[in-house]
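Worksheet: one structure, shown below.
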Protein chains: 2
Amino acid sequence: MKEEQRLFEIYLRNKGLKMTSARETVLQAFLRSEGHLSAEDLLAAAKRIDPGLGQATVFRTLKLLADAGLAQDACKDEGPRRYEHVYKHSHHDHLVCVGCGRLIEFCHPQIEKAQNEIFKEFGFRATGHRLELRGLCADCAKTFDLEKE
Amino acid sequence: MKEEQRLFEIYLRNKGLKMTSARETVLQAFLRSEGHLSAEDLLAAAKRIDPGLGQATVFRTLKLLADAGLAQDACKDEGPRRYEHVYKHSHHDHLVCVGCGRLIEFCHPQIEKAQNEIFKEFGFRATGHRLELRGLCADCAKTFDLEKE
DNA sequence: ACATTAAATGATAATGATTATCAATATCAT
DNA sequence: ATGATATTGATAATCATTATCATTTAATGT
Ligand SMILES: [Mn+2]
Ligand SMILES: [Mn+2]
Ligand SMILES: [Zn+2]
Ligand SMILES: [Zn+2]
């Protein structure tokens, strides 16, 4: 049994919630996935395991996974919310191409450090941050310049 | 006449769009406002000038203001999109208290510089970025600790 | 195993923000 | 002023997400 499943079970028990087959299905589907996926994506994946699974359960379970510290919502673009793995995945921020959607994950220790300074400066206790850089990747920049004339 | 109104007129003309009384109303309401405001907020303010104004027009005009470079959407929390002024307002990022919603605007030159390095490193042409720090302000942290026991 | 109790499920309706549609109206270059 | 075209406000539609609720299921104690 995967560590993440064990963690989820412990989380549920501590909250007085139940481990159910529907939740197991969603968890399995999530664990097999990678990248940034929406509730809709996850529903499709989970239905391949259990076609009778309800959509509401996916939304509900994703919230639980986030609360349990296994998932978090990734980039905050337009469109549906997207989740990514947290467990054994180190922190990173996102660089996205507004042309083609290409996505690069990066981590810049100096920026992380500077953020902590800001929290301290204003007397805040940090709970999280989100940094998203947007631009045109090399390919899209080229295309864009050509289109201009 | 305000500079921003002039800019908006030029923008509209260049796009083959028309300056209308509804757009003027929305622009006036926006110019008189400050901070981060939603379409709903702006509609309320604009209706004080012209009660007959339609809600759709506010959404439409906010998009135009953003495209014209006068407004941009600020923090990307939950809930409705919120816009803030751009013209003659220097760039900044946001530090928000997840407890009470308190909001601090800051700018950290080192972070800005580091971001440019990242764009360069991955061959991207920058078009924008969004940094949002979340935490508990001193007051809320205190309250939170007391509630814990 | 069985009963008890509370939580979970899936279908469906409801919500909230935003966008699309459209007939009527307003703008503006000529 | 005229005419082509953009805009308006009302309304319906959309999209992602939540709420509701009758039925099913899991956990716990016997
Ligand atoms: Mn990621
Ligand atoms: Mn701001
Ligand atoms: Zn690209
Ligand atoms: Zn606070």
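As the structure is a prediction and not an experimental result, all values here were calculated from the model.
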Side-chain H-bond candidate by donor/acceptor type, B:Glu112 with B:His91, under 3.5 Å:
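On atom types as modelled, these side chains qualify, holding a pair under 3.5 Å.
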Heavy-atom side-chain contact between A:Met19 and A:Glu24 under 4.5 Å
yes
A side-chain contact here means heavy atoms from C-beta on lying under 4.5 Å apart; do A:Glu9 and A:Lys18 qualify?
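The answer is no, as the side chains (C-beta and beyond) never meet within the 4.5 Å cut-off.
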Look at the side-chain N and O atoms of [X] and state whether any lies under 4.0 Å from the OP1 or OP2 oxygen of [N].
| X | N | answer |
| --- | --- | --- |
| B:Arg81 | C:dA17 | no |
| A:Thr20 | C:dT9 | yes |
| A:Thr57 | C:dG10 | yes |
| A:Arg60 | D:dT18 | no |

Do the two ring centres, one from A:Phe30 and one from A:His85, sit under 6.0 Å apart?
yes
Would you indicate which nucleotide in C:dT27, D:dT7, C:dA20 comes nearest to any side-chain atom of B:Ala56?
C:dA20
Identify whether any heavy atom of A:Lys63 sits under 4.0 Å from a base atom; if not, whether one sits that close to sugar-phosphate; answer base, sugar-phosphate or nothing.
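It contacts sugar-phosphate atoms only.
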Considering every strand and a 4.0 Å limit on heavy-atom distances, what is the contact class for A:Gly52: base, sugar-phosphate, or nothing?
sugar-phosphate
[atom1] of [X] versus [atom2] of [N]: gap in Å, rounded?
| X | N | atom1 | atom2 | answer |
| --- | --- | --- | --- | --- |
| B:Glu24 | C:dT27 | CD | P | 9 Å |
| A:Leu43 | D:dC15 | CG | P | 16 Å |
| B:Glu40 | C:dT18 | CD | P | 10 Å |
| B:Leu42 | C:dT18 | CG | P | 12 Å |
| B:Glu78 | C:dA17 | CD | C1' | 12 Å |
| A:Asn14 | D:dA27 | CG | P | 14 Å |
| B:Leu12 | C:dA29 | CG | P | 12 Å |

Closest-nucleotide 5' rank along DNA chain D - winner of B:Gly16 and A:Met19:
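On the 5' side of the pair lies B:Gly16.
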Checking A:Thr127 side chain against B:Arg134 main chain: does a donor-acceptor pair fall under 3.5 Å?
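Judged by distance alone, yes, a pair lies under 3.5 Å.
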Between B:Ser21 and B:Gln55, name the one whose nearest nucleotide on DNA chain C is closer to the 5' end.
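Nearest-nucleotide comparison on DNA chain C picks B:Gln55.
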Assuming nearest nucleotide by heavy-atom distance, tell me which of B:Gly79 and A:Leu53 is located more 5' along DNA chain C.
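The 5'-side residue here is A:Leu53.
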Between the base of D:dT25 and the side chain of A:Lys18, is there any donor-acceptor pair under 3.5 Å?
no
